[in-house]
Every structure is written in C-alpha cells, then in structure tokens.
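To keep things clear, I will list the structure first and then write my remarks on it.
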Protein chains: 2
Amino acid sequence: MSTVVATHEVTLAVSTVIFALGSEGLRIPLVRRIRQPFEGQWALPGGPIEVSEALEASAGRNLFETTGLRSTYLEQLYCFGDVDRAPGERVVSVVYWALVRSDEAALAAVDENVQWFAADELPELAFDHNRIVDYALWRLRNKLEYSQIAHAFLGPTFTLAELREVYQAVLQRPVDPANFRRQLEKSLIDTGERLTGARHRPPRLYRYDSSVALTDNGPLSTTQKEA
Amino acid sequence: MSTVVATHEVTLAVSTVIFALGSEGLRIPLVRRIRQPFEGQWALPGGPIEVSEALEASAGRNLFETTGLRSTYLEQLYCFGDVDRAPGERVVSVVYWALVRSDEAALAAVDENVQWFAADELPELAFDHNRIVDYALWRLRNKLEYSQIAHAFLGPTFTLAELREVYQAVLQRPVDPANFRRQLEKSLIDTGERLTGARHRPPRLYRYDSSVALTDNGPLSTTQKEA
DNA sequence: GAAATAGTGTCTTTGAGACAATATATG
DNA sequence: CATATATTGTCTCAAAGACACTATTTC
C-alpha cells in the first residue's frame with residue numbers, strides 16, 4: 001500500500017482555464033498528461049510556479065505556451081488546496097481563468113498533446129479538474145451578466161448582433177435584440193461605421209468603451225495585480 | 001530556520017481577515033509581529049500551512065488561535081502572490097475572510113499581542129496587509145447586498161431591527177425599515193416569539209432560513225470545500 | 001395616555017421583458 | 001420590390017424607494 005500524503009512538502013502550481021467561443025459554443029484547450037499520476041488523461045494547462053514569477057504572469061505563460069495566444073482577459077479563479085487532491089502529494093493550485101478571442105483561437109496551433117474540447121462535454125479529467133472547470137464556467141456565466149467581459153471574446157469593433165451572440169452562446173438562451181440593445185448601447189461607443197455586404201440593412205459597428213472597466217474588482221481592480 | 005512548508009524557495013501561508021461587528025462598527029483583530037521583517041508592526045493572523053491540513057482548516061485554526069472563536073462564516077478571499085510582497089522572500093498567501101458573532105467577539109480574550117481595531121482606521125500594517133483588508137472590506141460590503149451573510153453576525157434569533165442594524169453598520173448608510181422588512185421577510189422564519197421588555201411595541205423574533213444558502217458559490221457552494 | 005419603536009399601506013420611479021412596428025441595405 | 005436583419009416604439013409588470021399612517025407595548 002502506497003503512502004498517502006507521504007512528503008512533508010507542498011507543491012505550489014498554477015493552472016489556467018482558457019475559454020474561447022466558436023460556432024459550436026464555448027471551447028477549452030486541454031493538455032494530455034505525459035507522466036504519472038493520471039498519465040494519458042487530459043488536464044488543465046499549468047505547472048509549478050517559478051520563484052520570481054508573479055502568479056498571473058505564470059497563468060499568462062500557461063496560456064501562451066499551450067495556445068500561442070495572449071489573453072484579452074485573465075483573472076484569478078480560486079486557490080484549490082485540499083489535502084488529497086493529488087495522489088501521494090500535497091499540491092496547492094492557484095487557478096486562473098482566461099478569455100481569448102474567437103478568431104484568434106481558430107488559428108491556434110494544436111499539437112498532439114493539446115486539444116480543444118467543448119466546455120460542457122469534457123472527458124474525465126485528471127485530479128479535480130472537472131470540478132475546477134465547472135466552477136470556472138459558473139463564474140463566467142455569472143460574471144457575464146453583471147460585467148463587460150463579453151467584449152473579451154470579440155475584436156476591437158463589433159456589431160450588436162455579434163455581441164448578443166456571445167451572450168446567447170455563453171448563457172445558452174435566446175436574448176431579445178431590442179432589449180439587449182437598450183441595455184448595452186449606453187456602455188458602447190458608436191464608431192460611426194457600418195458593416196456592409198450582407199443582404200439586409202447594415203448594422204452599426206461599435207467599440208468597447210474602455211473608460212468603463214471590464215469588471216469591478218474593487219481594490220484589486222483595473223490592473224489585475226494580485227498583491 | 002524553522003521547518004516552513006516550502007516548495008523550492010516559495011513559502012505558502014494562510015492568513016485570515018476576521019470581521020466582528022460591535023457598537024463602534026466593524027472590527028478586526030490583528031497580531032503584533034514578533035520577528036523580522038516588520039517586527040513590532042501589526043499584521044493579519046496567519047502562518048505557514050501544515051502539510052496535511054486543508055487551507056480552510058488552516059484559516060479556521062488561525063481564527064481560533066487568535067480569538068478563541070469559531071467562525072459562523074469562512075470563505076476564501078484571494079491568493080496573493082506578488083514576487084516582492086515580502087522582503088527577501090517569496091511568500092504566497094492564501095487569504096480567507098471570516099465573520100464572527102458580535103456577542104462572542106466581545107468575550108474574546110485579548111492578549112498583549114492581539115488587539116482589535118476599527119476596520120476603517122487601521123494602522124500601517126505589515127506586508128501588503130492593508131491592501132488585503134481593503135479588498136476584504138469591499139467583498140464584505142458587496143456580498144452583504146446580494147447574499148444572506150449578515151446573519152453570520154447574529155445569534156440564532158434576532159429582530160428585524162437588529163438585522164437592519166447590521167446592514168447599516170456595514171454599508172454605512174441608513175436603511176428604510178419598511179422597505180427592509182419587505183425585502184428580507186420572505187427569507188426569514190418567524191419564530192412566533194417576541195422580544196419583550198423594551199418600552200415600546202415588542203418586535204418579532206426571526207430565525208435564519210437555512211434552506212436558503214448563505215451565499216451562492218455555485219459548484220463550490222454549501223460545504224465550502226476548496227477542492 | 002405619552003413615548004417609542006413595530007409594522008402596514010400606498011404612491012412613484014425605474015428597469016426588465018414581451019412584442020409590434022418601422023427602417024434600410026442587398027439581390 | 002422581396003428579404004432579412006437593424007433599429008425604434010410601446011405596453012406591462014415587478015421591484016425599489018420615499019414616506020404617510022396605524023398598532024402595540026411599557027412607563
């Protein structure tokens with residue numbers, strides 16, 4: 001029988017839940033574990049922290065190394081530290097969640113050990129990672145309703161229909177165009193331009209109003225520094 | 001050097017922001033540092049984690065060891081991990097926040113190195129602890145408005161006036177009794193008893209309805225397990 | 001019955017949501 | 001001009017807040 005919690009050491013790691021939004025809904029990149037425990041299973045990108053690297057920087061590095069992308073939104077999710085969450089070892093994981101732009105995510109290289117999955121149809125993941133993703137999804141859906149994070153999925157300009165589709169895809173329910181417009185128009189800037197080419201009335205193009213913070217994190221706010 | 005639980009050269013610690021509510025408003029217990037760095041200055045209660053102790057359990061231990069109290073509410077606040085937050089050392093702190101009942105807090109022993117301070121008039125604290133308390137205060141005020149945490153400051157039964165005073169003290173603004181009643185009555189249980197003895201109409205005594213969770217933390221919810 | 005707080009009634013305003021109606025590109 | 005979405009208008013309903021009013025206990 002192997003020793004449970006054998007070491008007198010605690011490993012500190014950072015993992016990141018990365019969300020992209022494609023035509024099939026929310027997607028998450030996972031990496032295949034190439035060593036024990038859970039060898040061969042899918043897991044969140046992450047790794048032990050560097051001594052002279054900020055937590056958020058570590059999460060950003062996770063993101064870049066697995067997807068080749070920079071995030072438009074990155075926030076700490078939670079610190080998971082149950083004693084038995086990794087077999088035979090005490091691992092405390094600071095988990096971040098990130099949003100990336102849909103168009104960029106499409107370009108992201110996928111090597112054999114990195115693969116994108118539909119966020120609500122994940123396989124059984126290593127460690128407690130299913131639970132972590134569930135929580136991240138909950139936070140994303142929650143936060144979408146009272147903040148401006150939806151913009152992080154889009155490019156610099158967008159139509160109201162595009163923005164509305166983000167809401168519909170994430171919340172998984174229809175949103176009334178007229179009411180949606182009234183709610184969000186005040187926090188947007190009209191670029192004056194329109195998106196022509198479709199065979200119907202061309203919609204206005206808007207820009208995100210950066211004078212309104214994406215989210216209100218109080219004293220941790222704007223810069224998203226952690227400490 | 002003491003047997004600190006460390007990974008490579010990163011120290012992992014747990015600290016706790018403890019709130020009690022007295023007649024003078026929100027109060028927080030701090031401990032005086034008895035060694036460098038910041039020797040002599042006040043700091044949040046906390047310490048390095050034990051290898052076989054859950055993070056939340058560690059926070060609960062902090063709480064008990066500094067105040068002699070058990071918390072009625074305990075939640076993870078944030079994980080602070082900036083590279084330079086402790087001079088000459090890399091310390092990552094998982095910070096919790098707790099609420100304790102006002103009547104119990106009054107009884108809490110205060111030794112020479114533990115002292116209660118008004119939450120909005122703190123001295124200059126060690127490390128980044130002022131910033132941490134600011135964030136905890138912001139979270140408390142925020143969460144008071146959309147959840148049921150106010151109950152954690154009170155005993156098993158209470159009048160609506162008492163509950164309302166919690167809101168007023170924390171939010172620092174007057175709350176209309178009539179509207180307050182209508183908003184919260186539905187989430188309370190009328191014990192059928194009244195609080196007599198004052199020289200006016202005796203108010204009903206209510207109980208907290210435990211079928212309604214104190215807060216909705218989604219997948220982390222009810223048990224407040226961290227992983 | 002005076003004092004003091006408990007508790008109720010009611011009006012106004014605000015915002016969300018349902019849904020009808022109008023506007024304007026392209027083919 | 002038909003089509004398809006953009007955009008505006010309007011109605012209803014629910015919740016929040018201001019505030020007047022009534023109720024009931026103790027002294």
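Keep in mind that what you see is a predicted model, and the values were worked out from it rather than measured. Convention: sequence-line order gives letters A, B, ...; per-chain numbering from 1.
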inquiry  = Working note: B:R194 + B:T159, criterion side chain to side chain donor-acceptor pair (under 3.5 Å); need CA distance, chi angles, decisive distance, verdict.
reply    = CA-CA 8 Å; B:R194 280 154 193 280; B:T159 67; over 6 Å; no
Rounded to whole angstroms, how far apart are [atom1] on [X] and [atom2] on [N]?
X	N	atom1	atom2	result
A:E165	D:dT5	CD	P	10 Å
B:R204	D:dA23	CZ	C1'	11 Å
B:L163	C:dA6	CG	P	13 Å
A:F180	D:dT5	CZ	P	17 Å
A:D176	D:dT12	CG	P	17 Å
A:N179	D:dT12	CG	P	16 Å
A:E145	C:dG17	CD	C1'	14 Å
B:F158	C:dA6	CZ	C1'	16 Å

Let's see if you can work this out: which of [options] has an atom nearest to the side-chain heavy atoms of [X]?
X	options	answer
B:R182	D:dA6, D:dT8, D:dA18	D:dA18
A:R181	D:dA6, C:dT8, C:dC19	D:dA6
A:R164	D:dA6, C:dT8, D:dG17	D:dA6

key: Donor-acceptor contact below 3.5 Å, side chain A:Q41 vs main chain A:E124   = yes
Between protein and nucleotides 24-27 of chain D, what N or O pairs are separated by less than 3.5 Å?
{"from": "D:dT24", "atom 1": "O2", "to": "B:R201", "atom 2": "N", "distance (Å)": "3.3"}
{"from": "D:dT25", "atom 1": "O2", "to": "B:H200", "atom 2": "N", "distance (Å)": "3.4"}
{"from": "D:dT25", "atom 1": "O2", "to": "B:R201", "atom 2": "N", "distance (Å)": "3.3"}
{"from": "D:dT26", "atom 1": "O4'", "to": "B:A198", "atom 2": "O", "distance (Å)": "3.4"}

request  = Please check if atom CD in B:E193 has more than 12 non-hydrogen atoms from other residues, nucleotides or ligands closer than 6.0 Å.
outcome  = no
request  = With heavy atoms under 4.0 Å as the rule, sort B:A178 into base, sugar-phosphate or nothing.
outcome  = base
key: Intermediate values then yes/no, side-chain contact (heavy atoms from CB on, under 4.5 Å), A:F158 and A:L205   = CA-CA 5 Å; A:F158 47 84; A:L205 280 170; 5.5 Å; no
key: Criterion side chain to side chain donor-acceptor pair (under 3.5 Å) on A:E185 and A:Y206, from CA distance to verdict   = CA-CA 9 Å; A:E185 208 168 29; A:Y206 292 90; 3.3 Å; yes
message = I'd like to know if B:R139 and B:E75 make a salt bridge, using a cut-off of under 4.0 Å between side-chain N and carboxylate O.
response = yes
query = Can you say whether the rings of A:Y208 and A:H151 are parallel (under 30°), tilted (30 to 60°) or perpendicular (over 60°)?
reply = tilted
